[in-house]
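This report concerns only the one structure given below.
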Amino acid sequence: MDLSIVIPLYNERESLPELTAWIARALKSFSYEIWFVDDGSTDGSWDAIRDLAVKADNIHGIRFRRNYGKSAALYEGFAAAKGEIVVTLDADLQDSPEEIPEMVRMIREEGYDLVSGWKQHRKDNVLTKNLPSKLYNWTARKVTGIKLHDMNCGIKAYRAEVVKNIEVYGEMHRYIPYLAKNAGFGKVGEKPVHHQKRKYGVSKFGLDRFVNGLLDLMSLWFLSRFGGRPMHFFGTSGILMFLVGFVMTVWIIAEKLILQSQGLKFRAVTDQPLFYLALVALVLGVILFLAGFLGEMISRSASERNRYQVKERL
Ligand code: UDP
Ligand code: MG
């Protein structure tokens, strides 16, 4: 089979029949399957999926017992997908299936591991979505080193190998290209895509996504650099901190002893701000070091500590 279309959805009942028809029109020349992943909808989306699935045997559904989030839905969809190329699509008719053939061509002919959409003319609220999203994507580009304008675009196409070898969890769906890059799939392409206004239903993501998104970005950055060697991060900063404290302590004591030995006026060690700074630095240094040891113990017992991406064997 050529394509697996994975569609995560949460309360998108009205859009589903239209979306399915649109996909059928756009993908006439491909063999494909659709995986609707119902992320705990309460609006009857599942009934809509069932109606569609009875009519066509390439339409499948997975239904969560409750709402787990878009990442979880993608994870299950990826696990179920059997196509040679896996495409994700939002269910709300904002992404156009017409873009899929060109994305597929880029993967097949230009050798991309994944191709991400770019909502060049985004049809959402300018203040709450478009502008913050620009800033957020700029940060993501700097941190991840992946030159995408729209990291979190819902429409993306992947070589099947990619989605089978990454694990989307928490709210990490925002950073799938980064997850892929960290797994060794570094050839990431981009295609400007048409974007439509939401026709039915409401957006599922509020402003809190920027705070959470930023925190997730920091976690991923940390994990990709130091996940397998936490001591190198905590140990280095711990030693530096400890050294700073140590130098300050030596300075305070030496200053006092020298002044004292020359019979000059001197300040008591505990009488000066530097003493407290030194104390804080020493304690922080030890704490950072301990965090390093704990990190090492955790990563040592992690089940994926020796999971590598082997590309080929002979
Ligand atoms: N979605 C989901 N689970 C959630 C939230 C959203 O499966 O908990 C789906 C949603 O139904 C849609 C896609 O993720 O198909 C993108 O969500 P939305 O359109 O609300 O995001 P926006 O386009 O507003 O950024
Ligand atoms: Mg949307």
Side-chain angles (χ1 to χ4, degrees), residues 4-20 22-23 34-49 52 59-81 86-97 99-100 116-137 140 148-157 163 168-177 193-214 216:
S4 293
I5 317 291
V6 172
I7 304 173
L9 63 113
Y10 179 52
N11 293 343
E12 311 277 6
R13 175 174 45 96
E14 300 98 325
S15 308
L16 301 178
E18 258 174 71
L19 181 64
T20 310
W22 197 3
I23 293 175
I34 299 181
W35 284 94
F36 286 112
V37 188
D38 179 355
D39 185 13
S41 299
T42 50
D43 70 339
S45 289
W46 184 250
D47 296 323
I49 294 171
L52 294 165
I59 297 183
H60 311 278
I62 297 173
R63 183 189 194 183
F64 284 165
R65 204 173 285 283
R66 68 170 179 82
N67 178 238
Y68 284 101
K70 189 177 179 184
S71 292
L74 287 175
Y75 175 84
E76 283 300 330
F78 287 162
V86 179
V87 178
T88 61
L89 212 56
D90 284 355
D92 54 6
L93 298 169
Q94 289 195 273
D95 298 330
S96 156
E99 311 285 355
I100 297 175
S116 177
W118 168 19
K119 305 184 286 285
Q120 208 167 8
H121 304 287
R122 190 169 177 175
K123 301 288 181 338
D124 280 320
N125 187 303
V126 175
L127 271 185
T128 59
K129 290 241 169 190
N130 301 9
L131 285 179
S133 157
K134 285 223 162 70
L135 183 69
Y136 153 91
N137 273 296
L148 286 182
H149 292 89
D150 192 3
M151 177 86 75
N152 183 20
C153 190
I155 179 166
K156 287 189 174 64
V163 301
V168 193
Y169 66 97
E171 292 190 14
M172 298 301 180
H173 61 267
R174 296 195 178 92
Y175 301 110
I176 300 184
V193 293
H194 284 282
H195 191 239
Q196 282 73 231
K197 272 213 166 66
R198 208 179 226 288
K199 198 161 164 191
Y200 308 106
V202 289
S203 171
K204 310 300 181 302
F205 296 102
L207 278 176
D208 58 344
R209 76 191 188 285
F210 288 105
V211 180
N212 297 341
L214 203 63
D216 282 345

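Both counts, for ligands and for their atoms, begin at 1 and track the order of listing.
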N, O or S from Asp90 under 2.8 Å to the Mg ion (ligand 2):
no
Restricting to N/O/S atoms, is Gln94 within less than 2.8 Å of the Mg ion (ligand 2) or not?
yes
Considering only heavy atoms of [X], which atoms of ligand 1 have at least one such atom less than 4.0 Å away?
X: Gln94; value: 19 (O), 23 (O)
X: Phe205; value: 5 (C), 6 (C), 17 (O), 21 (O)
X: Glu12; value: 10 (C), 11 (O), 12 (C), 15 (O)
X: Asp39; value: 2 (C), 3 (N), 4 (C), 7 (O), 8 (O)
X: Lys129; value: 22 (P), 24 (O), 25 (O)
X: Leu9; value: 7 (O), 11 (O)

Test item: side-chain donor near acceptor, Tyr68 and Glu76, under 3.5 Å:
no
Protein contact of [atom] - nearest heavy atom, named by residue and atom, plus distance:
atom: atom 14 (O) of ligand 1; value: Lys70 CD, 3.4 Å
atom: atom 19 (O) of ligand 1; value: Asp92 OD2, 2.5 Å
atom: atom 20 (O) of ligand 1; value: Lys204 N, 2.5 Å
atom: atom 1 (N) of ligand 1; value: Tyr10 CB, 4.0 Å

Indicate, as side chain, backbone, both or neither, the part of Val37 found under 4.0 angstrom from ligand 1 when only non-hydrogen atoms are considered.
neither
Can you check whether Pro8 has an N/O within less than 3.5 Å of an N/O in ligand 1?
yes
Does Val202 reach ligand 1 with a nitrogen or oxygen that is under 3.5 Å from one of the ligand's nitrogen or oxygen atoms?
no
Nearest non-hydrogen partners of [X] and [Y], listed with the distance:
X: Asp39; Y: Gly69; answer: OD2-N, 2.8 Å
X: Met151; Y: Asn137; answer: N-OD1, 2.9 Å
X: Arg174; Y: Arg209; answer: NH2-CB, 3.1 Å
X: Asp90; Y: Ile7; answer: C-CG2, 4.2 Å

Could a heavy atom of Gly69 be found less than 4.0 Å from some atom of ligand 1?
yes
Could you establish whether Arg198 and ligand 1 come within less than 4.0 Å of each other, counting only heavy atoms on the residue side?
yes
Between Glu171 (side chain only) and Gly213 (backbone N and O only), is there a donor and an acceptor less than 3.5 Å apart?
no
If the plane angle is over 60° it's perpendicular, under 30° parallel, otherwise tilted; pick one for Tyr136 and Phe210.
perpendicular
On the 0 to 90° scale, with breaks at 30° and 60°, tag the Phe205-His173 ring pair as parallel, tilted or perpendicular.
tilted
Check step by step if side-chain hydrogen bond (donor to acceptor under 3.5 Å, both in side chains) holds for Lys129 and Ser203.
CA-CA 11 Å; Lys129 290 241 169 190; Ser203 171; 3.0 Å; yes
Is Lys204 salt-bridged to Asp92, going by a charged N under 4.0 Å from an acidic O?
no
Using a strict 4.0 Å threshold on nitrogen-to-oxygen distance, state whether Glu12 and Lys199 make a salt bridge.
no
For the Mg ion (ligand 2): the N/O/S atom of Asp92 at shortest distance
OD2
